[in-house]
Number of protein chains: 4
Amino acid sequence: MQSGRQQRRGDTRQRIQDVALELFAEQGYEKTSLREIAEHLDVTKAALYYHFKTKEDILISLFEDLTGPIDELIEWGSRQPRTLDTKRELLRRYSAALASAEGLFRFMQENQATVRELSIGEMFKERMLSLMALMQEPDTPLENQVRCMSALFTLHAGSFALKSFEGDPEEKRGAVLTVAIDLVSQAHGDDTRR
Amino acid sequence: MQSGRQQRRGDTRQRIQDVALELFAEQGYEKTSLREIAEHLDVTKAALYYHFKTKEDILISLFEDLTGPIDELIEWGSRQPRTLDTKRELLRRYSAALASAEGLFRFMQENQATVRELSIGEMFKERMLSLMALMQEPDTPLENQVRCMSALFTLHAGSFALKSFEGDPEEKRGAVLTVAIDLVSQAHGDDTRR
Amino acid sequence: MQSGRQQRRGDTRQRIQDVALELFAEQGYEKTSLREIAEHLDVTKAALYYHFKTKEDILISLFEDLTGPIDELIEWGSRQPRTLDTKRELLRRYSAALASAEGLFRFMQENQATVRELSIGEMFKERMLSLMALMQEPDTPLENQVRCMSALFTLHAGSFALKSFEGDPEEKRGAVLTVAIDLVSQAHGDDTRR
Amino acid sequence: MQSGRQQRRGDTRQRIQDVALELFAEQGYEKTSLREIAEHLDVTKAALYYHFKTKEDILISLFEDLTGPIDELIEWGSRQPRTLDTKRELLRRYSAALASAEGLFRFMQENQATVRELSIGEMFKERMLSLMALMQEPDTPLENQVRCMSALFTLHAGSFALKSFEGDPEEKRGAVLTVAIDLVSQAHGDDTRR
DNA sequence: TATGAATGAGGTTTCATTCAT
DNA sequence: CATGAATGAAACCTCATTCAT
């Protein structure tokens, strides 16, 4: 039972994903080469191809971990009554989901052009539209649509954008969530808030 | 006075910038090759290098057109009294500036990872922080800081994100601006609004 | 046991070095392109980059075969008494070392400007100064310093410069060595010789 | 009658030659680009083409200044009696010629591979052989041929090789010349020297 | 489960050179 | 006497990918 460097057994696939996400988020997808990923892992490029069919496949695999939770969230949302409370809960849950996949979201946020071209783009756009649909009243004025969109964006971008500010991350997430909930509340036509 | 293909006048530099922006925005900076730009212009790659020292230089030149207006805006803002009206006017003017450089902003929005690595990144971040500083009250709670940030993001992302919606662009811009102004008003501690 | 074109064994690296040295010596380093080297080997350029990180790296690798022997020679010399016999033996051994790496030395001789700019330049200069130091008496007049330098140059240049003369190579090498030894003997203040 | 930058009139050709020699000697012929030369002169590349037909032409023009003096020297030598004194005078005059074209000779010394491929190579090689012929006795042993060659090399390389030594340049040139004369004297079978 | 060796396409950049003005 | 604009060729280098072992 050796340890250290050599004790990696069946976890290579996972390790590839970890390193890939880290580098994709840091430098962008296009600028990150498979050589770089392989070197970080002390493996050859060919090894990556044992685990993934193409470079894009690595990226797709990263998103798969995320598709499930969001799909569940959407499904949950679509079974609830369309009340303001539901919307608030939706945002809370979404915020939690984002927090647990921060790297991936930072990547999405910063590589929209790349993602758009890849097969994931469409997939992701659909989810966003579904989420927005759940939070919107029918025939609401344009401003309110913008508010919902803005709420989602605020959640997406909030965490990284606040990186340079002082303060504990959980507290920041709370503030971001508050603002998002506010926006959706206003879009809902909430009287208790004003 | 012949026209068409052969009309090499003094406009090549400008034409390079136009095509580059178009392609950068559409496909991303890294995925757009100089060959591609050159072909769109019916010029050789070497011609691009006559007008710009590097690929990054083309990008930088695109931003230079934008730096000026934003700097002026910041300067104007810093000379005004820090009232809510000033803030609203700031957003109005910023929205107008964005509208007049839409392509560039779409590019920025969708290629953040790329921009961050390039020399422009720092430049741009500074401007954003300055703008936020102008819109914020001193010692305001974290939520209000998020609101200001969110207002800027909403302006940035708003126009493209609404592309898939029906409606006239100016009307959309109006809605986006309304939401942004709302956010900043709330951050200002506006009583008239709630 | 097939042979010919397809015999890719473990010798590619060596074959690259052989061809590179041949072409560098013949045409100069700058004028020799990687395409040319690759074509001579019936390999793609990319294959060269599998074995060497840069063009300069190929050159450096060629020199590494030489550094060892010369370093050993210098070390040997520094452990001997500084007699005339030692100096003569030093030249004999150096001449032998040069003969066994003729191509490389022809290259050095004819591409000094290139070598000087590359990392090898400094390395090589140091060795020369060490060798000269071993052959010189302390506080010897300038003429004698020139004689030692000239002895080294004569060894370096001798073999190729005599290419156009008739005669067997070993005999030429002997003549060159004789002259070099003579020069150092005179620099040593040898009485037996005059 | 303006002065400063603008007062260059008919001297551009000369200035191109000066800068070119400087850069060729410093970096080598191949590594020096016409762009670089032009920039050093604050002129466009196209201007170089007004004065010289090709890059190689610039180099050739540099050598033309040297061909004359050496040809005269060879001619003078061939009209003298083949005594030792003549040979010594030949070396003295050659040394003087070299000193007056130091940059060019440094260039030749350090870019032999380049020069060999260019049309100048053959020209120069001929001169060297002629000079050697003038200094050699008929049917002299190989060692003596090497001595003559070594004498020429010593003159060529001496000045730059001694750059790192202390001492006044003229004194160094004297020492180098002394050694060269010694070598040729020995090759002549001089009794007075031993 | 992985590696060593290689490929083909394509990237950015630089070069010497030309020519109308 | 010189420039501004451009070209065609080629340079070095990197990438994603493949495949026999």
Side-chain angles (χ1 to χ4, degrees), chain A residues 8-13 16 29-38 41-58, chain B residues 6 8-13 16 30-38 41-58, chain C residues 6 8-13 16 30-38 41-58, chain D residues 8-13 16 29-38 41-58:
Chain A
R8 299 156 190 160
R9 274 187 310 267
D11 61 342
T12 304
R13 198 188 139 93
I16 292 173
Y29 174 75
E30 329 268 4
K31 284 260 283 212
T32 302
S33 67
L34 295 186
R35 176 175 59 64
E36 215 173 348
I37 297 178
L41 289 167
D42 233 350
V43 186
T44 49
K45 270 183 292 176
L48 304 184
Y49 278 89
Y50 178 80
H51 293 280
F52 297 93
K53 230 168 46 204
T54 68
K55 186 186 179 186
E56 191 177 342
D57 251 42
I58 300 182
Chain B
Q6 239 58 22
R8 295 171 197 141
R9 278 188 302 265
D11 61 343
T12 304
R13 197 188 141 96
I16 292 172
E30 331 266 7
K31 286 259 283 207
T32 303
S33 69
L34 296 184
R35 178 179 56 67
E36 217 173 347
I37 298 179
L41 289 167
D42 228 352
V43 189
T44 54
K45 276 179 287 170
L48 304 185
Y49 278 91
Y50 176 76
H51 292 281
F52 298 92
K53 243 182 14 221
T54 66
K55 185 185 179 186
E56 189 177 344
D57 247 44
I58 299 181
Chain C
Q6 240 55 25
R8 294 172 197 140
R9 279 190 300 265
D11 61 343
T12 304
R13 198 188 140 95
I16 293 172
E30 330 266 7
K31 285 259 284 209
T32 302
S33 69
L34 294 185
R35 178 178 56 67
E36 217 173 347
I37 298 179
L41 289 167
D42 227 351
V43 188
T44 53
K45 274 179 288 170
L48 304 185
Y49 279 93
Y50 176 76
H51 292 281
F52 298 93
K53 243 177 22 215
T54 66
K55 186 185 178 186
E56 189 177 342
D57 247 45
I58 299 181
Chain D
R8 299 157 191 158
R9 272 187 311 268
D11 61 343
T12 303
R13 197 188 141 92
I16 292 172
Y29 175 75
E30 329 268 5
K31 285 258 283 211
T32 303
S33 68
L34 294 186
R35 176 176 58 66
E36 214 173 349
I37 297 178
L41 288 167
D42 234 349
V43 185
T44 47
K45 270 183 293 175
L48 305 184
Y49 279 88
Y50 178 80
H51 293 281
F52 298 93
K53 232 170 44 205
T54 68
K55 185 185 180 187
E56 191 177 341
D57 251 41
I58 301 182

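Sequence lines set the chain letters: A, B, ... in the order given, protein chains first and strands last, and positions in each chain run from 1.
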Does A:H51 or D:Y29 map to a spot on DNA chain E nearer the 5' end, using the closest nucleotide for each? A:H51

Kindly point out which of F:dC13, F:dT18, E:dC15 is positioned nearest to the side chain of D:S33? E:dC15

Do A:I58 and A:L34 pass the side-chain contact (heavy atoms from CB on, under 4.5 Å) test, and can you show the C-alpha distance, the side-chain angles, and the key distance before you say yes or no? CA-CA 10 Å; A:I58 300 182; A:L34 295 186; 4.2 Å; yes

Expressed as a whole number of angstroms, how long is the span from B:I37:CD1 to E:dG11:P? 11 Å

Starting the side chain at C-beta, find the nucleotide from E:dC19, E:dA2, F:dC13 nearest to A:A47. E:dA2

Which one is paired to E:dA20, where only Watson-Crick or G-U wobble pairs with both distances under 3.5 angstrom count? F:dT3

Can you tell me which nucleotide in E:dT14, F:dC15, F:dT3 comes closest to the side chain of D:T44? F:dT3

F:dC19 P sits how many Å from A:L48 CG, rounded? 17 Å

CA sep, side-chain torsions, deciding dist, call: A:K55, A:Y29, side-chain contact (heavy atoms from CB on, under 4.5 Å): CA-CA 9 Å; A:K55 186 186 179 186; A:Y29 174 75; 3.5 Å; yes

With a 3.5 angstrom cut-off on both distances, give the Watson-Crick or G-U wobble partner of F:dA10, or none if there isn't one. E:dT13

Between D:T12 and F:dA2, is there a contact of a side-chain N or O with OP1 or OP2 at under 4.0 Å? yes

Taking atom C1' of E:dT12 as reference, at what distance in whole Å does atom CZ of B:F52 sit? 16 Å

Minimum-distance pair of heavy atoms, taken over all atoms of A:E30 and B:E30: CB-CB, 3.6 Å

Rounded to whole Å, please give me the gap between CZ in A:R35 and C1' in F:dT14. 7 Å

Whole-Å gap separating P (E:dT17) and OH (D:Y50): 19 Å

Starting from P on E:dG4, measure out to CG on A:D42 and report it in whole angstrom. 11 Å

Could you measure the distance from the CG atom of B:L48 to the CD1 atom of B:I16? Nearest 0.5 Å is fine. 5.0 Å

Nearest heavy-atom pair of B:Y49 and B:T54: which atoms, and what distance? CE2-CA, 4.0 Å

Which residue lies more 5' along DNA chain E, comparing B:Y49 with C:V43 via nearest heavy atoms: C:V43

Of C:A46 and C:K55, whose closest DNA chain F nucleotide lies nearer the 5' terminus? C:K55

Distance check needed: F:dC19 P versus A:K45 NZ, whole Å only. 15 Å

Would you kindly give the NZ-to-C1' distance between B:K31 and F:dC15, to the nearest whole Å? 13 Å

